Amino acid sequence: MAKWLAKSEPDECGIDDFAQSPDSVIPWDGVRNYQARNFLAQMAVDDEVFLYHSSCKHIGIAGIVKVVRDAYPDPAQFNANSPYHDPKSTPEKPRWQAVDFAFVKKLPRLIPLDELKSLPGLEQLPLVRKGNRLSVMPVSEEEWQTILQQV
DNA sequence: GCCAACGTTGGC
DNA sequence: GCCAACGTTGGC
């Protein structure tokens, strides 16, 4: 079972949106970066995902969600009214993928980015590397445990 | 709001 | 295939 990290803006979809409806399934769509998409496509049911809050007041890892549906074509890419519409994508040859997430838990405290940056063992995690913009990334078992121990 | 770093696009 | 221009991300 693999581990991942996904960025989100809490204004859009943060851990509280999951916590408010713990039994519901939230589609993770709108990923429009090839590298991130390739990671999305590798996700499988029961994989766990750190939910990271970006572009907000309290930046850092806020909680854990899990994959409840393997990757499928992101419907937003075909919707001309969606901001995620991609005119170059067709149902026959979809370009973008989505997965479904469900709530696991909110961490008892948010682990801030500057703390993650100073943690030994996370040097390889793209999140803490300068200028990195990858929004979906794999997390090794060691990295996962290192982060959990900070809770 | 600023701006550095990055990814993508498109002309050549 | 190169690379300048552009748009976006995301921390500060």
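Model, not experiment: these values are computed from the prediction. To find a chain, count down the sequence lines: A is the first, B the second, and so on, and within it residues start at 1.
Residue A:D114 contributes atom CG, which lies 11 Å from atom C1' of C:dG11 at whole-angstrom precision. A straight line from CG of A:L116 to P of C:dG11 spans 11 Å, rounded to a whole angstrom. Per the geometry, CD1 belonging to A:I59 stands 15 Å off P belonging to C:dT9, to the nearest Å. Distance CG (A:L113) to C1' (C:dT9): 14 Å, rounded to an integer number of Å. Nucleotide B:dT9 holds its P atom 12 Å from the CZ atom of A:R32, rounded to whole Å. Atom P of nucleotide B:dG7 and atom OH of A:Y34 are separated by 14 Å, given to the nearest angstrom. One atom, NZ of A:K130, and another, P of B:dG7, lie 14 Å apart when rounded to the nearest Å. At whole-Å resolution of the value, CG in A:N33 and P in C:dG10 are 9 Å apart.
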Show which side-chain atoms of residues 50-64 of chain A pair as donor or acceptor with protein atoms under 3.5 Å away, not counting sequence neighbours.
| residue | atom | partner | partner atom | Å |
| --- | --- | --- | --- | --- |
| A:H53 | NE2 | A:I15 | N | 3.0 |

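Residues passing the salt bridge (Lys or Arg N to Asp or Glu O under 4.0 Å) test with A:D17: none are found, sequence neighbours excluded. Applying the salt bridge (Lys or Arg N to Asp or Glu O under 4.0 Å) criterion to A:E9, with sequence neighbours excluded, gives no partner residue. Applying the ring pair (Phe, Tyr, Trp, His ring centres under 6.0 Å) test to A:F18 and every residue at least two apart in sequence or in another chain returns nothing. Among residues two or more places apart in sequence or in another chain, the salt bridge (Lys or Arg N to Asp or Glu O under 4.0 Å) test is passed with A:K7 by none.
The side chain of A:K7 lies closest to C:dG10, out of B:dT8, C:dG11, C:dG10.
Across the interface with DNA chain B, nearest-nucleotide mapping of A:N132 and A:R95 shows A:N132 to be the residue nearer the 5′ end.
Cluster partners of A:W96, by chain and number: A:Y34. The rule joins Ile, Leu, Val, Met, Phe, Trp and Tyr whenever side-chain heavy atoms lie under 4.5 Å apart.
Residue pairs that meet the salt bridge (charged side-chain N to carboxylate O under 4.0 Å, His left out) test with at least one member in residues 141-151 of chain A, sequence neighbours left out, are A:K3-A:E141.
Taken residue by residue, residues 78-89 of chain A places no heavy atom nearer than 4.0 Å to DNA chain C.
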Listed pairs, N/O of protein and of nucleotides 1-6 of chain C, under 3.5 Å:
none

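A:S55 comes within 4.0 angstrom of a base, heavy atoms only. A:K117 comes within 4.0 angstrom of sugar-phosphate atoms only, judged by non-hydrogen atoms across all strands, and of no base.
A distance-only check finds a donor-acceptor pair linking the side chain of A:R37 to the backbone of A:R95 [under 3.5 Å].
Each of A:Y84 and A:L134 belongs to its own hydrophobic cluster when Ile, Leu, Val, Met, Phe, Trp and Tyr are linked at side-chain heavy-atom distances under 4.5 angstrom.
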